[in-house]
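Throughout, a chain's letter reflects where its sequence line sits, starting with A, and its residues are numbered from 1. Note that this is a predicted model, so its numbers are computed, not measured.
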Amino acid sequence: MSHATVLKHRSWVDGKNFKGTALTGYLENKSIPLSSSSTVKARTYDVSGLINKNIQTRGTHSYFVKNTSGTNQVYVVDLKLCANLTYCFHDQTHIRVTNMGYFSNNSTSSLTSSFVYAGDYHLEATTHISGDTSSTNVGRATIYIRR
Amino acid sequence: MKNLLLTILLVSASSSYAMEAHNATIIGHTSTVSGGDDKGRAIEGHIENRENNFIVKFFKKYTEKQVTKSKCECAKR
């Protein structure tokens, strides 16, 4: 189950006529999953610059987690901003959340990088949450490097 | 420049930004900058809005007794 919460559950047995009566009924796998929920978002933006100069890029990250698991949980929040797929800023936070606790955040990552050659390079911002619930979102843009 | 690997490990004193939380505790935080090759390299990286709003808001709530059985370990660093 993802992004879903069981709010209410019930079951019953009914039915009776002159031919017979329903007596009992139940679900054998009656473990109602109580899963936590999370949402994440990531965005990044096109930039342009010159070769061998510092190029500053930004990513915006937002995330929300609510622990409805019934027990304490630890969630790992990974924020990444990568230029050319390999030049990366990586921010990781471990957060302990008690049952029915929650946390949310908006933050901006910044990565300064430089390029030797002119060309167009990938830029990716990623927001990822893992734990008893997990979510990932990637925002993409382009770095334009000129001579 | 080839195979250049720049790794900066930062254990931050302020571990959250504009965070809202209830019964949540930051128990660890790291930041790294890495990556470089013959085409370029990563130079620096950070979280821009690294204000400690979370701690302020958290303890405000804590003193108002709206939050119980929780503590902010990052505040001790």
Open item on the list: Applying ring pair (Phe, Tyr, Trp, His ring centres under 6.0 Å) as the test, list every pair that has at least one member in residues 114-135 of chain A; sequence neighbours left out.
Closed with: A:Tyr87-A:Phe115, A:Phe115-A:Tyr121
Task: Portion of A:Gln56 that has a non-hydrogen atom of chain B nearer than 4.5 angstrom - done: side chain
TODO: List in chain and number order the residues that pass side-chain hydrogen bond (donor to acceptor under 3.5 Å, both in side chains) with A:Thr126, two or more places apart in sequence or in another chain; answer none if no residue qualifies.
DONE: none
Task: Pair A:Asn72-A:Thr98, side-chain hydrogen bond (donor to acceptor under 3.5 Å, both in side chains): steps then yes or no - done: CA-CA 4 Å; A:Asn72 294 348; A:Thr98 62; 4.9 Å; no
TODO: Could you check which of A:Gln92, A:Gln73, A:Lys66, A:His61 has the highest count of heavy-atom pairs closer than 4.5 Å to chain B?
DONE: A:Gln92
Open item on the list: Taking every non-hydrogen pair under 4.5 Å, which of A:Ile95, A:Val77, A:Val97, A:Asn54 racks up the most with chain B?
Closed with: A:Ile95
- [ ] May I ask you to decide if A:Leu23's main-chain N or O and A:Thr21's side chain share a donor-acceptor pair within less than 3.5 Å?
- [x] no
Open item on the list: Is A:Val74 close to chain B through its backbone or its side chain, or both, or neither, when contacts mean heavy atoms under 4.5 Å?
Closed with: side chain
